[in-house]
Structures are given as structure tokens and as C-alpha cells.
Amino acid sequence: MSQPLEERGRRLPFAFASLDPRVRRDVVYLEASDTAQTFGILYRPPDREPRTVVYLMHPRGEFTRHYVVPGLTARGYAVFGQNSRYLNNDTDMVHERILLDIAAGMRWLRGQGFERVVLLGNSGGGSLLAFYQSQASRLPGERLASTPSGEPIDLASEQMPPGDLYIAVAAHLGEGRFMLNVLDPSVTNESDPASYDPRWDMYNPDNGYRPFPEASSYDPAWLAEYRQRQRERSLRLDAIAREYLAEHAYFRGELRSDRYAALPAATRSLVARRARLGRYMVIYRTLANPAYLDPSIDPSRRPLGSIFSPGDPIIGNYGYGGLARVMTPRGWLSTWSGTSSQADLPETIAHVKVPTLIVFADGDCDIFPAEQQEILEKSGAADKSLVTLEWADHYLNPVGEDGRRLPDPRERLLDLIVPWIEERIGPP
């Protein structure tokens, strides 16, 4: 039921290649409470009406054709893959607003008569769905009322049906926490992408770097200071974001004030333009995690490198595109800031009380064993467990010859999660 290995490289990494044509597919268009539009696809088995649906969403990734669909529908489950309002573009992503998209999808599923919803958080969906569940499970008055940028978000009056089970598959700690590990701390001036402090450059041979694909070796004391300087850079970017927001708020206030009409014409023009100006942050060099090149850091079965760069991560660190390269200030603070984002999985999962399963792919270049242990330890569920998919990469492809000798990791995933689900809520 899984996608043939030889076909996966020609498709989106999370997408299935083929599906039983008898599987029923309904394209669903949804409107969130703030009128934002999203869509999803509901897949149902050909010969039964399941009571259980598995729900998927990624903050920006295309999850309507997720690779679990063929296998789960073959086992009798319905699957709903919904895309967020920020599909393929996180420049202005506000995580708190995605919760409104999920709530719309969850309300629709409950309205279709599904009795049980399994939240399957894959990759960035792990932190996103835990964020949703942590808010949905609270009393309305205890939910978040604002985003990190200070914009109001009315979750108190939002109908937020919670999920019944939570599964995290190859899930990182949140986009902000992920960014905290990959920010290049050798940047000394955010306005100069070439600015450089060689003492804190992981790509400097003096610090232990070796030409890829040779493994690098970084001193633990240097690494500890490196991590602290990554945090300092994140705080510096937070300060820039808040400065831009404060500047915008000031001129908007001036434009609306009683004194605006008395200002000279040239000043009024300046104030009006600045009040409407939306500033962007350009954030360079965001692929600099020493664990990519030093396998002794949080050891696992991962190969060297990152899914975000071809070959040596230095290419992704300096090249076009890149994680969080262009962001609005509010998007940075809500999504990619490891020091401001509220979608921090170790924090939110403490409020996820439903049975929780964490699945770690131990050949994943970008997600590490200590992170998975942290999720388990911080989980607020009484029924929680951590299992490992051996020799599987981030997209659940086999890693190396050892991985190819084992059954397909995507089939192994289904063999793990389906019995786990049924032990807790019964058959589909």
C-alpha cells in the first residue's frame, strides 16, 4: 500500500504515488471563523463508513495526499488531509490563526458524524496539532488571547473540538525551536548577509569543520557557547521585529490622531506613507546546526547533512531561499522565533492529556533523539510512549543498506500506529 521506493523521488516527499481507485474522495472547502479559506480531501474506504477519522495538517506543507492515506484507508479508516491558509508560503504565517483553520476542519468532521478523531502530527504538523489540542482542551477563558506580536486572537469564543488521540511522527519541537538550532550565530550584522565572526562559524575549519562528506568534529565547550549565541541571535531578531511593529503602530497612531490634520502637508504625507508601510525582515544564514555534520552530537543512525540542502548544509546556509528567509515581523515572532513562538511543542504538549504516541525515525537528519525524549518527558498524557522506526529518514524512506533490508518504513509505521489506535478506541 505504500509508495514504491523508485517513484518517491519524483513526487512531493510526503505524497503517495497511487491509491486504490475505489477509495472515495471528497474535496472539502472550509471557511474559518475569520473568513480565511482552506481546503482538504476526505478519503473513505470503498466498502464501509468509518467512525474514526485520522486528521493531518502541516503549517505550510501539502498534506492532502499524505503517504498514510493508502494504508489507512485499506485498514478501514477515514483520513482527512487539510491544508492551512499558508500553503507553500509562510512569509506572514501566524500560527495562532492556523488554529482557526484546524477548528473549522474539526467542526466539519464532527458534523459529518465522525465519533473519534486521531490527530496525526507529522513533521511540522506535530507541534501544530499539539498547539491546537493544548488550546482546545482548555476552558475558553483560559485560551490565548493574543499572538506574540500583540495582535488579538479570539480563541475564547472559538468552537474547538479536541482530538481523541495524538500521534507525533518525525516531529520536531516546533518551527521556532527548530530555527533556534539552525540559526548561524556567526552573523554579526543582520543588514549584512556576509558579516562574519569566524569564532562562531561551524563552517570554519578552525572550529572543527571538515569538507563534506567527511564528518566534522566540534568541541563540546565550543558547542555549548555556540548554542547560547544562537539564542542571542534569535533575541536580536525578535528585537528587530518588535521595533518594526512599534514603528508601524506609532505612525498609525499619528495618522488617526486629532493633531494629524494640523501637520504640514509634507509631514502628513510622510506619516500616511509610514503608517501604511509593511516592513519585511530578510533573515540570512539559517542552516547551521553542527549536528548536521558531527554525528557524535546526539547520535542516531542519520547520514550527514540536512533535508533542506543538497549535500553540504553550507549550500543551504548561504544560497537562495532558505528557512525563514523573508518574514513579516509578526510572522517571525509567531512561527520561526525560538524565543517568542507560542507553538513550542515541549510547552504545549504538557496540556495534551489524550493518549499520546511519539514515533521517532532514527535516520532523520533534522530531528534528534534527545528532542524526542524531551517531548515524552514533557507530555501531559498519562498514557504515553515513544517508539523508534529504525533506519528511516524524515520522509520515512529507508536509510542505507540496513534500511533497505527491513520492510518499508511507511508500512512499519502503519503496523505500529493501527494496533495502538485500536487498543484505545476500538476498530475504525
Side-chain angles (χ1 to χ4, degrees), residues 1-30 37-58 60-84 87-88 101-102 104-123 125 129 163 165 167 169-170 359 361 389 392-398 404 406-422 425-428:
M1 291 300 172
S2 62
Q3 181 174 325
L5 294 176
E6 64 274 11
E7 295 185 11
R8 291 183 188 173
R10 301 197 297 271
R11 285 178 167 81
L12 294 172
F14 289 110
F16 60 75
S18 60
L19 183 65
D20 183 343
R22 298 175 302 150
V23 171
R24 293 171 290 167
R25 306 171 224 201
D26 297 304
V27 179
V28 180
Y29 297 98
L30 297 165
Q37 309 291 306
T38 63
F39 71 96
I41 299 178
L42 176 67
Y43 298 88
R44 291 175 294 155
D47 53 0
R48 63 182 301 170
E49 296 299 334
R51 297 174 297 168
T52 299
V53 60
V54 176
Y55 179 92
L56 295 143
M57 182 187 281
H58 188 279
R60 67 186 180 282
E62 217 292 340
F63 267 21
T64 65
R65 294 171 288 167
H66 197 276
Y67 58 73
V68 297
V69 170
L72 286 175
T73 52
R75 288 162 171 80
Y77 289 88
V79 181
F80 186 56
Q82 182 185 356
N83 287 329
S84 88
L87 177 62
N88 294 330
D101 299 341
I102 300 173
M106 293 290 282
R107 290 193 298 268
W108 185 83
L109 290 172
R110 295 297 189 184
Q112 296 303 300
F114 288 106
E115 299 172 13
R116 299 165 302 228
V117 180
V118 178
L119 301 175
L120 200 165
N122 182 201
S123 187
L129 296 189
L165 301 175
I167 302 173
V169 177
V359 181
L389 274 180
D393 73 7
H394 185 67
Y395 301 113
L396 300 201
N397 297 308
R404 283 185 279 273
L406 293 171
D408 187 337
R410 296 180 181 183
E411 288 296 323
R412 287 190 278 140
L413 173 69
L414 294 171
D415 291 340
L416 279 171
I417 67 174
V418 169
W420 183 86
I421 292 170
E422 294 187 355
I425 58 176

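Quick note: numbers below take in every heavy atom, side chains included, and nothing from hydrogens, waters or symmetry partners.
- Nearest heavy-atom pair across Gly71 and Leu414 is CA-CD1, 3.5 Å.
- With rounding to the nearest 0.5 angstrom, the CG atom of Asn83 is 10.5 Å from the NE2 atom of His58.
- Applying the side chain to side chain donor-acceptor pair (under 3.5 Å) criterion to Arg412, with sequence neighbours excluded, gives no partner residue.
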Could you go through Val169 and Val68, starting from their C-alpha distance and side-chain angles, then the distance that decides it, and tell me whether this counts as side-chain contact (heavy atoms from CB on, under 4.5 Å)? CA-CA 11 Å; Val169 177; Val68 297; over 6 Å; no
Could you walk me through whether Thr73 and Leu19 satisfy the side-chain contact (heavy atoms from CB on, under 4.5 Å) test, starting with their C-alpha distance in whole Å, then the side-chain angles of each, then the deciding distance to 0.1 Å, before giving a yes or no? CA-CA 9 Å; Thr73 52; Leu19 183 65; 4.1 Å; yes
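- His66 is linked by a side chain to side chain donor-acceptor pair (under 3.5 Å) to Asn122, counting only residues two or more places apart in sequence or in another chain.
- Looking at heavy atoms from C-beta onward, Leu389 lies in side-chain contact with Leu416 at the 4.5 angstrom threshold.
- Evaluation of the salt bridge (charged side-chain N to carboxylate O under 4.0 Å, His left out) rule for Asp101 yields Arg85 as partners, not counting sequence neighbours.
- In plain terms, the two heavy atoms of Pro70 and Ser18 that are nearest each other are CG-O, 3.6 Å.
- Of the N and O atoms on the side chains of Gln82 and Tyr55, at least one donor lies less than 3.5 Å from an acceptor on the other residue.
- Looking at residues two or more places apart in sequence or on another chain, you find a side-chain contact (heavy atoms from CB on, under 4.5 Å) between Glu49 and Arg24, Arg44.
- With sequence neighbours excluded, the residues forming a side chain to side chain donor-acceptor pair (under 3.5 Å) with Thr64 are Glu62, listed by chain and number.
- Nearest heavy-atom pair, Ala392 versus Ala361, reported as atom, atom and distance to 0.1 Å: O-CB, 3.3 Å.
- Residues that satisfy the side chain to side chain donor-acceptor pair (under 3.5 Å) test with Arg110, not counting sequence neighbours, are Asp164.
- Looking at every heavy atom in both residues, Ala78 comes nearest to Pro50 through N-CG, 3.6 Å.
- Between Arg410 and Asp408 there is no salt bridge, since no side-chain N of the basic residue sits under 4.0 Å from a carboxylate O of the acidic one.
- Atom CG of Leu120 sits about 5.0 Å away from atom CD1 of Ile167, to the nearest 0.5 Å.
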Please evaluate residues Thr52 and Ile425 with respect to the criterion side-chain contact (heavy atoms from CB on, under 4.5 Å), reporting the C-alpha separation (whole Å), side-chain torsions for both, the decisive distance (0.1 Å), and the verdict. CA-CA 9 Å; Thr52 299; Ile425 58 176; 4.0 Å; yes
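- Closest approach of Met57 to Ser84, counting heavy atoms only: SD-CB, 3.8 Å.
- Pairing each heavy atom of Leu42 with each of Leu109, the nearest pair is CD1-CD2, 4.4 Å.
- Two residues are said to be in side-chain contact when any heavy atoms from C-beta on lie closer than 4.5 Å; Arg75 and Ile417 fail this criterion.
- The salt bridge (charged side-chain N to carboxylate O under 4.0 Å, His left out) search around Arg25 returns none, not counting sequence neighbours.
- Residues satisfying the ring-ring contact (aromatic ring centres under 6.0 Å, His included) criterion with Trp108, sequence neighbours excluded, are Phe80.
- Partners of Arg107 under the salt bridge (charged side-chain N to carboxylate O under 4.0 Å, His left out) rule, at least two apart in sequence or in another chain, are Glu158.
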Do Tyr43 and Leu72 pass the side-chain contact (heavy atoms from CB on, under 4.5 Å) test, and can you show the C-alpha distance, the side-chain angles, and the key distance before you say yes or no? CA-CA 9 Å; Tyr43 298 88; Leu72 286 175; over 6 Å; no
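- Applying the side-chain contact (heavy atoms from CB on, under 4.5 Å) criterion to Glu422, with sequence neighbours excluded, gives Tyr77, Val418, Pro428.
- Ring geometry for Phe14 against Tyr67 counts as parallel: the plane angle stays under 30°, on a 0 to 90° scale with 60° as the upper cut.
- Atom-to-atom distance recorded for Ile102:CD1 and Leu30:CG is 12.0 Å, nearest 0.5 angstrom.
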